[in-house]
Amino acid sequence: MKNQIDQLTKWLQDQVKESGVNGLLVGISGGIDSAVVAHLIKRAFPNDSLGVIMPCKSNPDDKKFAEMVVESSGIKSIKVDLTESHEVLYSTIQNQLKEQNELNESKARLADANLRARLRMSTLYTMATNYGYLVTGTDNAAEWYTGYFTKFGDGGVDLVPLLHFTKGEVRELAKELGVPDEIINKAPSAGLWEGQTDEHEMGTTYDNIDKYIRGESVPEEDKNIIENMHERTAHKRELPKSPPKF
């Protein structure tokens, strides 16, 4: 993993040089993936890296874990509370749909969560413009394969350094980088709603997804879930479709 970290650090430095920008930033959620990326970009650019903490109707524990990442990595950080902005925008949209008598209540929770992810993406790009930085994403191989990210939300980034690393490998990177054990060992959660965990929402485990990606056997039920997720989310991994030139 030490060799992998050195190569990732060099790759990040090369991307910034090729893009002609100044450095890198990442949104710090308090989860293991963003913790690893925060440590990596701090190593790559000690004086030109930034961690952005963006609470938005968030569990108070998220802030605690995010601050632990800032402390362990030594990265410069800034906090932008998006709770009020989200409430204003989301309620405006909801009210308009209600007036049209077209609000789909069964989709409300997902729409709420996705809007939060997209507000965070917009915040990161606004910050990136200010500093002349690239936005560094946190998706790992398991999340990318299953499409477990918000299109144009946490999937809306410039760089994805963890894309070829399984969730288990991200844990190994975290240990090598010095990410606190509390973050490494806690249940993965996107913080979409109270009590939400990634594995409960997906219906399978990261361990099984990692095994599937490596070509190892997994229970048939889990295999079907993983393959269905991959097929259903193909559009998230592609550029916007265009017609042929007529």
Side-chain angles (χ1 to χ4, degrees), residues 1-5 7-8 26-40 58-59 61-62 65-66 69 106-107 109-110 113-114 116-117 120 136-157 159-238:
M1 280 301 160
K2 187 173 291 187
N3 182 50
Q4 298 274 24
I5 289 167
Q7 291 186 62
L8 281 170
V26 65
I28 299 179
S29 66
I32 187 170
D33 301 299
S34 66
V36 166
V37 172
H39 277 257
L40 285 171
S58 304
N59 186 317
D61 283 346
D62 293 344
F65 287 121
V69 172
S106 68
K107 299 289 188 180
R109 187 166 71 167
L110 180 60
N114 283 338
R116 276 183 270 163
R120 287 178 171 129
T136 316
T138 64
D139 293 318
N140 57 55
E143 291 169 337
W144 186 256
Y145 188 85
T146 58
Y148 194 71
F149 57 89
T150 298
K151 190 175 185 178
F152 305 126
D154 48 320
V157 295
L159 305 175
V160 278
L162 303 183
L163 197 67
H164 301 302
F165 292 84
T166 65
K167 193 72 169 183
E169 289 170 334
V170 171
R171 290 192 192 97
E172 294 305 310
L173 286 172
K175 292 173 185 176
E176 185 67 35
L177 287 164
V179 172
D181 289 340
E182 295 95 320
I183 293 172
I184 294 173
N185 298 325
K186 74 186 182 80
S189 171
L192 301 176
W193 47 79
E194 188 169 349
Q196 185 266 347
T197 65
D198 295 357
E199 294 182 335
H200 182 265
E201 189 185 2
M202 289 188 290
T204 187
T205 65
Y206 276 116
D207 186 47
N208 278 326
I209 299 171
D210 287 355
K211 287 179 180 176
Y212 182 90
I213 291 172
R214 291 195 297 264
E216 300 171 15
S217 63
V218 297
E220 192 66 23
E221 181 181 355
D222 293 272
K223 177 184 176 183
N224 290 336
I225 289 171
I226 294 165
E227 289 179 348
N228 286 337
M229 289 181 71
H230 179 71
E231 184 177 346
R232 192 171 67 248
T233 61
H235 65 97
K236 294 186 178 183
R237 294 177 292 273
E238 298 172 352

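All values below come from the heavy atoms of this structure, side chains included, with hydrogens, waters and symmetry mates left out.
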Separation of [Y] [atom2] from [X] [atom1] (nearest 0.5 Å):
{"X": "Glu221", "Y": "Ile225", "atom1": "CD", "atom2": "CD1", "value": "5.0 Å"}
{"X": "Asp33", "Y": "Leu173", "atom1": "CG", "atom2": "CG", "value": "10.0 Å"}
{"X": "Ile209", "Y": "Thr204", "atom1": "CD1", "atom2": "OG1", "value": "5.5 Å"}
{"X": "Met202", "Y": "Asp222", "atom1": "CE", "atom2": "CG", "value": "10.5 Å"}
{"X": "Glu176", "Y": "Ile5", "atom1": "CD", "atom2": "CD1", "value": "5.0 Å"}
{"X": "Asn114", "Y": "Lys151", "atom1": "CG", "atom2": "NZ", "value": "11.5 Å"}

Is there a side-chain contact between Leu40 and Leu162, using heavy atoms and a 4.5 Å cut-off? yes
Checklist entry - Is any side-chain heavy atom of Ile226 less than 4.5 Å from a side-chain heavy atom of Lys223? => result no
(Q) Below 30° counts as parallel, above 60° as perpendicular, anything between as tilted: where do the rings of His230 and Tyr145 land? (A)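 Parallel: the ring planes of His230 and Tyr145 meet at under 30°.
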Closest heavy-atom contact between [X] and [Y]?
{"X": "Asn208", "Y": "Pro219", "result": "OD1-CD, 3.9 Å"}
{"X": "Gly168", "Y": "Asp210", "result": "N-OD2, 2.9 Å"}
{"X": "Asn140", "Y": "Glu143", "result": "OD1-N, 2.9 Å"}
{"X": "Ala35", "Y": "Ile183", "result": "CB-CG2, 4.2 Å"}
{"X": "Pro161", "Y": "Leu8", "result": "O-CD2, 3.4 Å"}
{"X": "Ala141", "Y": "His164", "result": "CB-C, 4.1 Å"}

Test your reading of the model: is there a side-chain donor-acceptor pair from [X] to the backbone of [Y], 3.5 Å cut-off?
{"X": "Thr233", "Y": "Thr146", "result": "yes"}
{"X": "Glu182", "Y": "Phe65", "result": "no"}
{"X": "Arg237", "Y": "Trp144", "result": "yes"}
{"X": "Asp154", "Y": "Phe149", "result": "no"}
{"X": "Gln7", "Y": "Gln4", "result": "no"}

Quiz question: by atom type and distance under 3.5 Å, do the side chains of Ser34 and Thr138 form a donor-acceptor pair?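 Looking only at side-chain atoms, Thr138 and Ser34 do not form any donor-acceptor pair under 3.5 Å.
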>> Can you confirm whether Glu231 is buried at CD, in the sense that more than 12 heavy atoms of other residues, nucleotides or ligands lie under 6.0 Å from that atom?
In response: no
message = Between Phe165 and Glu172, is the side chain to side chain contact (heavy atoms under 4.5 Å, CB included) condition met? List the steps.
response = CA-CA 10 Å; Phe165 292 84; Glu172 294 305 310; over 6 Å; no
Take Lys167 and Ile32, measure what side chain to side chain contact (heavy atoms under 4.5 Å, CB included) needs, and give me the verdict at the end.
CA-CA 9 Å; Lys167 193 72 169 183; Ile32 187 170; 3.7 Å; yes
